[in-house]
Amino acid sequence: MKPINLWLLLLLLHLLHATADHESPSRTSIIFTTLGRSNYAFDIFTLPALDPPTPSNELQLTDGKSVNFNGHFPSPSSSSILLPSQSPGSQPVHLIYVSERNGSSNIYYDAVYYNTPPSTRSRSALQIPSRVQVPLLRPDIDKGKTVISMKDKPSLTGDDHLIYVSTHEDPGEPRTSWAAVYSTDLRTGSTQRLTPFGVSDFSPAVSPSGLWTAVASYGDRGWTGEVEELSTDIYVFLTRDGTRRIKVVQHGGWPSWVDESTLYFHKRSEEDNWISVYRAIIPSQGPISTESVTIQRVTPPGLHAFTPAASPGNHKFIAVATRRPNSSYRHIELFDLIKNEFTELTRLVSPRTHHFNPFISPDSVRVGYHKCRGDSNGRKNSQLLLENVKSPVDEITLFRVDGSFPSFSPAGDRIAYVDFPGLYVVNRDGSNLHQVFTGNAFSTGWNPVLKGVVYTSTGPEFGSVDTDVDILSIHVDDEFEQVGRVKKLTSNGKNNAFPSASPDGKWIVFRSSRSGHKNLYIMDATLGEDGGLHRLTDGPWTDTMCNWSPDGDLIAFASDRENPGSGSFELYVVHPNGTGLRKVIQSGLAGRTNHPWFSPDGKSLVFTSDYGAISAEPISNPHHYQPYGEIFTVKLDGSDLKRLTHNSFEDGTPAWSPVYIRPVDVEWLNNGPSCNFEDCHWLNKMPKQGSMGSNEAQCGVA
Ligand SMILES: *[C@@H]1O[C@H](CO)[C@@H](O)[C@H](O)[C@H]1NC(C)=O
Ligand SMILES: *[C@@H]1O[C@H](CO)[C@@H](O)[C@H](O)[C@H]1NC(C)=O
Ligand SMILES: *[C@@H]1O[C@H](CO)[C@@H](O)[C@H](O)[C@H]1NC(C)=O
């Protein structure tokens with residue numbers, strides 16, 4: 001009875017929320033980019049652990065909607081309370097996983113009933129399962145605040161508590177992760193924080209009895225900006241209330257228990273630099289500390305093995321993700337703990353796709369993982385131009401756009417964006433997509449007065465002061481196709497970028513390295529630098545990513561002037577005549593705040609920042625250069641900082657729309673996911689190449 005009520009309540013609240021959305025003058029909209037997102041058509045799949053891994057043995061467990069990842073097979077006893085009714089005769093596969101459907105992260109429980117037993121080798125029969133699908137976290141908890149946060153790495157305990165990561169509480173310190181472990185009682189909905197306040201924990205794993213939870217944590221060391229090397233430690237605490245918290249492993253991540261005193265984890269070997277799986281044995285008697293815990297290396301050098309999964313009482317094998325020197329793809333393998341041998345699983349099924357974060361069923365017969373549901377050229381599902389993301393701020397609607405450096409036309413009806421290489425313009429409803437520039441371009445901005453004029457910079461991104469980057473104006477309307485769309489506004493052979501036009505359409509502010517440092521300049525919007533230059537800032541540092549306010553009175557930009565060359569950027573505003581320079585936000589020691597963009601009323605800025613640090617172990621995701629990037633807004637006086645996005649991906653290049661956009665997804669008219677993304681690039685580095693050369697052709701077993 002209870003679970004049905006819970007589910008109905010949830011649905012009702014969703015519907016109420018949806019109908020409450022209507023246009024209002026005080027409402028605005030923001031678009032931003034998430035690196036790689038349009039390729040992450042992730043679903044959870046499973047292969048039998050002991051039968052041969054063949055394509056017909058692989059089952060897709062999740063429903064092919066949204067992005068589904070980081071699964072967990074609960075024990076049948078814990079999941080029985082969730083099921084409204086057990087249909088006699090057929091045993092479902094139970095699954096708990098994270099999904100980003102409906103614009104925010106939630107944890108779902110699915111019971112997947114197959115028409116024929118999974119052991120039957122008939123793929124067509126297996127592909128039409130019926131399912132029960134229940135979102136596990138309710139929107140009314142904590143007055144809705146927990147709804148908009150990242151959720152990650154769920155497990156279910158025997159007494160119906162869901163243990164998971166959420167990012168809904170601001171620790172109040174810049175560059176401190178908001179990720180913490182919570183426990184929600186699924187019968188009452190009450191939620192308890194298990195991580196001490198001010199500490200961040202990732203990758204929780206519950207011991208077989210449910211008594212202990214292990215996490216990867218920065219403890220009191222804090223995040224120092226790293227995204228490749230794991231500098232977390234493993235802590236263990238009581239699942240019941242987070243007490244008896246003890247550090248058991250110095251330097252390690254992604255714990256997984258096999259029994260009440262043994263867990264597996266990954267770290268990079270200090271001797272040979274291969275990322276490897278280790279075992280930690282916690283003494284059953286006497287004091288527990290990093291000294292009394294026994295650590296043994298499990299996987300050998302010669303390949304990277306990480307994100308281990310053990311299953312209760314199974315001392316025979318674990319599942320791991322690997323990167324082998326002879327493969328460009330991340331695959332799931334079993335590691336035999338007795339023979340010390342790997343058994344490949346996913347390479348024999350889908351050799352040219354990355355597979356992530358394995359998990360094993362409690363009876364050790366199934367291995368689960370997530371991968372892209374399309375094949376590597378797969379164009380299966382419709383893809384979104386604008387994905388509506390639930391906004392924690394009522395007055396702001398939020399959209400993930402499928403392109404970088406987006407900007408709105410003055411009327412808000414068109415979007416210019418970059419998709420390397422090239423610059424594109426598309427109507428906001430997804431129609432009339434056309435490429436207006438084929439070269440490498442970054443940043444876009446429209447002239448507010450001259451119709452159909454977009455500014456961009458062309459050349460390599462992140463170039464040095466000596467890199468040749470120039471500012472272009474591009475006539476994007478069709479009538480210019482014959483006479484030439486593109487005009488170069490700079491030509492001094494230095495790094496000129498991030499053009500933004502004044503509201504009267506006459507001037508452009510941009511950054512240039514012509515003096516030997518990247519500072520801000522203003523030039524004529526039509527004649528370019530030939531029409532004369534006005535220098536706005538001057539100093540041996542970098543000022544960049546400028547944006548002109550809608551009333552023309554201020555220019556916002558990012559600058560590392562407090563610590564030149566450090567990579568740390570703060571946001572400033574200055575009047576176009578060079579007076580009134582003022583810092584808007586301090587990003588914290590060594591922090592980054594970038595890509596400021598004014599709100600339509602000119603009173604706030606939206607920007608991307610590492611203020612919330614990272615939210616998950618980066619190795620558990622595809623590659624992100626800046627996985628800490630999240631979107632924030634702040635008032636011009638530096639007050640009222642608000643975090644808008646919560647995920648473990650890189651969110652960046654936000655732009656504020658001149659008009660309000662209703663919170664609904666906008667589909668591309670004809671496009672689909674291509675499943676084409678990069679694995680963590682540091683995994684390409686193999687410490688010792690040995691005799692195994694990289695030979696990608698051998699992976700091509702279809
Ligand atoms: C949630 O998203 C699914 C598709 O992923 C859709 O079918 C469903 O109607 C949405 N539910 C609500 C309450 O918006
Ligand atoms: C510079 O501009 C600001 C605001 O636009 C104005 O208040 C100020 O008087 C100007 N200063 C000079 C020296 O022109
Ligand atoms: C990569 O090397 C391993 C171990 O030598 C071997 O078993 C496997 O078949 C190789 N894979 C490919 C794709 O060549």
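Start at 1 and go down the list; that is how both ligands and their atoms are numbered.
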Original post:
Is a side-chain donor-acceptor pair under 3.5 Å present for Asp543 with Thr537?
Top reply: yes
**OP:** Just need the protein heavy atom nearest to atom 7 (O) of ligand 2, so name the residue and atom and give the distance.
**Re:** His575 NE2, 4.9 Å
**OP:** Return a yes/no value: protein heavy atom under 4.0 Å from atom 5 (O) of ligand 2?
**Re:** yes
**OP:** May I ask you to check whether Trp548 and Phe598 place their ring centers less than 6.0 Å from one another?
**Re:** no
Subject >> Within the 6.0 Å centroid threshold, strictly below: Phe510 and Phe498 >> reply: no
Subject >> Ser568 and Asp560 side chains, donor-acceptor separation under 3.5 Å >> reply: no
**OP:** Specify whether the nearest protein heavy atom to atom 2 (O) of ligand 2 is under 4.0 angstrom away.
**Re:** yes
Original post:
Evaluating non-hydrogen atoms only, which member of Thr579, Val574, Asn577 is closest to atom 14 (O) of ligand 2?
Top reply: Asn577
